[in-house]
Amino acid sequence: MNKFAIQIIDLSFEYYIKNDNSSIRKKLFSIFQKTKNKENNNKVVFKDINLNISKGDAVGLYSSNGSGKTTLLKLIYGVYKPTNGQIKINGKCNSIIDIFAGSENEANGIENIYIRSLLNGKSKSNIKKNIKKIIDFSELKDSINNPFKTYSSGMKLRLVFSTSILSDADIYLIDEWISVGDAKFQKKCLKKINELKKKNKTVIITSQNIDFLRKFCDYVYTINNTKLLLKK
Amino acid sequence: MKLNKITALWYLSKINLKNRYRNSFLGPIWITISSAFFIITISYLSGYISKINMDQKLMYIGAGYIFWSYIQYVISKSLYVYEENETLIKEFPISIMFYINKLTITSLLIFTHNLFLLIVLMFYTNSFNINIIYFLISFGLMIIVAFLLSLIISILSTKYKDIKPMVENALFIIFVITPIIWPANIIEKNIIFELNIFYHLIEAIRHSIMYGTLKIDSILHSLIFIIILTPIATFIFQKNKNKIVFLI
């Protein structure tokens, strides 16, 4: 049975960029002007793209900086809303888009596990049940009680990755996290993602490392001039 | 994504408050202490000037200032609410309304510290005329107005940077022109009183606490204000709810 996990249908997306002309002063002056200033200067990121990802697929997104990889993940996760078209999600979705986002700097590791998990839709009892597994996987040991702001980038990655990957989801969206963290932890993460694939979970990973994506993913797509193209 | 909003809201609001006073010796008690200092100082100062009974003065200024502090806190924090939650907004697919609800809960948690001060004032001045039902009605209206104003101001201040200094200055002016620390009867009622929603909100609460009565005209003014404000807030929210993530 090859049921879909994600269906993107005729998706178009414009990134909203507010024009400098939309200050209150300019807005007031524009009342008396014949020609109106445009409020925004939107950037077209995607135009009529279609994509069908089946359950258990590992999909890679490869392209240069600023072409829309993270934007596509945010669209799938629902942080951004499509300008046109639609995205259908079949199952629970979880994301590791920005390891520094979604965390409270003053809160300690345990509190941050709760914050991230609650905002990902987990119940308190579910978090309580999983918390030991998350702390063990992150290898943060006693540092788990220290404020998040005292963590190094690698430690932050361990906490965020462990919290997200050990939550019970069907679709995992992972954005260029590979570059952060030490080699040993990277290996551990890849092993965990492989386990997820075997469990028929869907994984979408973005990276600028094409060799890694080719080795790890079933399909690799590239974003070129607002279009999504199959690379492998 | 199905979010257990109440659990998440409650947990995040608690963490917010905890972080605010992390490494502080007295913690949230500072809120009560600073309000108490302000109320006592102003009451004694104005007591010398107007020679009015000190107990009555303490209660009048105390009730006015404590509830003004609540509404002022909500409005001033709403100016920066999306910037303060930027990392969450950019990572999780949650409506911006969630952050206004979080602000409301955090403000109410902070307010409970000042509520303790109000109870102390009631005992100190031996004033137990409070009518709990009338108080809840009046305070409920204040919470609704604060919520609607914070929703509007938070969006507009994120969109237009000029709004922040405008609102900050307006809050100071409103504090001065509203009978919060000075008695309403020293000047003749005029249009500034009638249209000043903050006067009506605070007067309604004061009456329920000090005299145990329901100040009908202030309640009506508050209700009319809510009726006018609700469609405005809804329109601004609907028009901008998906844009905020790009503006912070």
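The chains referred to below are lettered A, B, ... by the order of the sequence lines, with proteins before strands, and numbering in each begins at 1. Both backbone and side-chain heavy atoms feed into the values below; hydrogens, waters and symmetry mates do not. Every value quoted in this text rests on a predicted model; they were computed, and no experiment measured them.
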Interatomic distance, [X] atom [atom1] to [Y] atom [atom2] [nearest 0.5 angstrom]:
X        : Y        : atom1 : atom2 : answer
B/Lys14  : A/Tyr114 : NZ    : OH    : 10.0 Å
A/Asn105 : B/Asn19  : CG    : CG    : 9.5 Å
A/Leu119 : B/Phe92  : CG    : CZ    : 5.0 Å
A/Glu104 : B/Lys18  : CD    : NZ    : 11.5 Å
B/Trp10  : A/Lys124 : CH2   : NZ    : 10.0 Å
A/Tyr16  : B/Asn240 : OH    : CG    : 7.0 Å

(message) Is B/Leu156 close to chain A through its backbone or its side chain, or both, or neither, when contacts mean heavy atoms under 4.5 Å?
(response)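 Nothing of B/Leu156, per the 4.5 Å heavy-atom cut-off to chain A.
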
(request) Using non-hydrogen atoms and a 4.5 Å limit, figure out which bit of B/Lys161 sits close to chain A: side chain, backbone, both or neither. (result)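 For B/Lys161, neither part sits under 4.5 Å from chain A.
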
(message) Check the orientation of B/Phe246 and A/Tyr15. Use parallel for under 30°, tilted for 30 to 60°, and perpendicular for over 60°.
(response)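 Aromatic pair B/Phe246/A/Tyr15 classed perpendicular.
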
Look at atom [atom1] of [X] and say whether more than 12 heavy atoms of other residues, nucleotides or ligands are closer to it than 6.0 Å.
X        : atom1 : value
A/Lys129 : NZ    : no
A/Lys133 : NZ    : no
A/Lys197 : NZ    : yes

Do you know which two heavy atoms are closest between [X] and [Y], and how far apart they sit?
X        : Y        : result
A/Ser103 : B/Leu88  : N-CD2, 4.3 Å
B/Ile15  : A/Ile115 : CG2-CD1, 4.1 Å
A/Ile97  : B/Glu91  : N-OE2, 3.4 Å

(request) Side chain from CB out, backbone as N, CA, C, O: work out which of these in A/Lys74 comes under 4.5 Å of a heavy atom of chain B, or both, or neither. (result)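 Just the side chain, heavy atoms under 4.5 Å.
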
(request) Can you tell which part of A/Ser123 gets under 4.5 Å to a heavy atom of chain B, answering side chain, backbone, both or neither? (result) neither

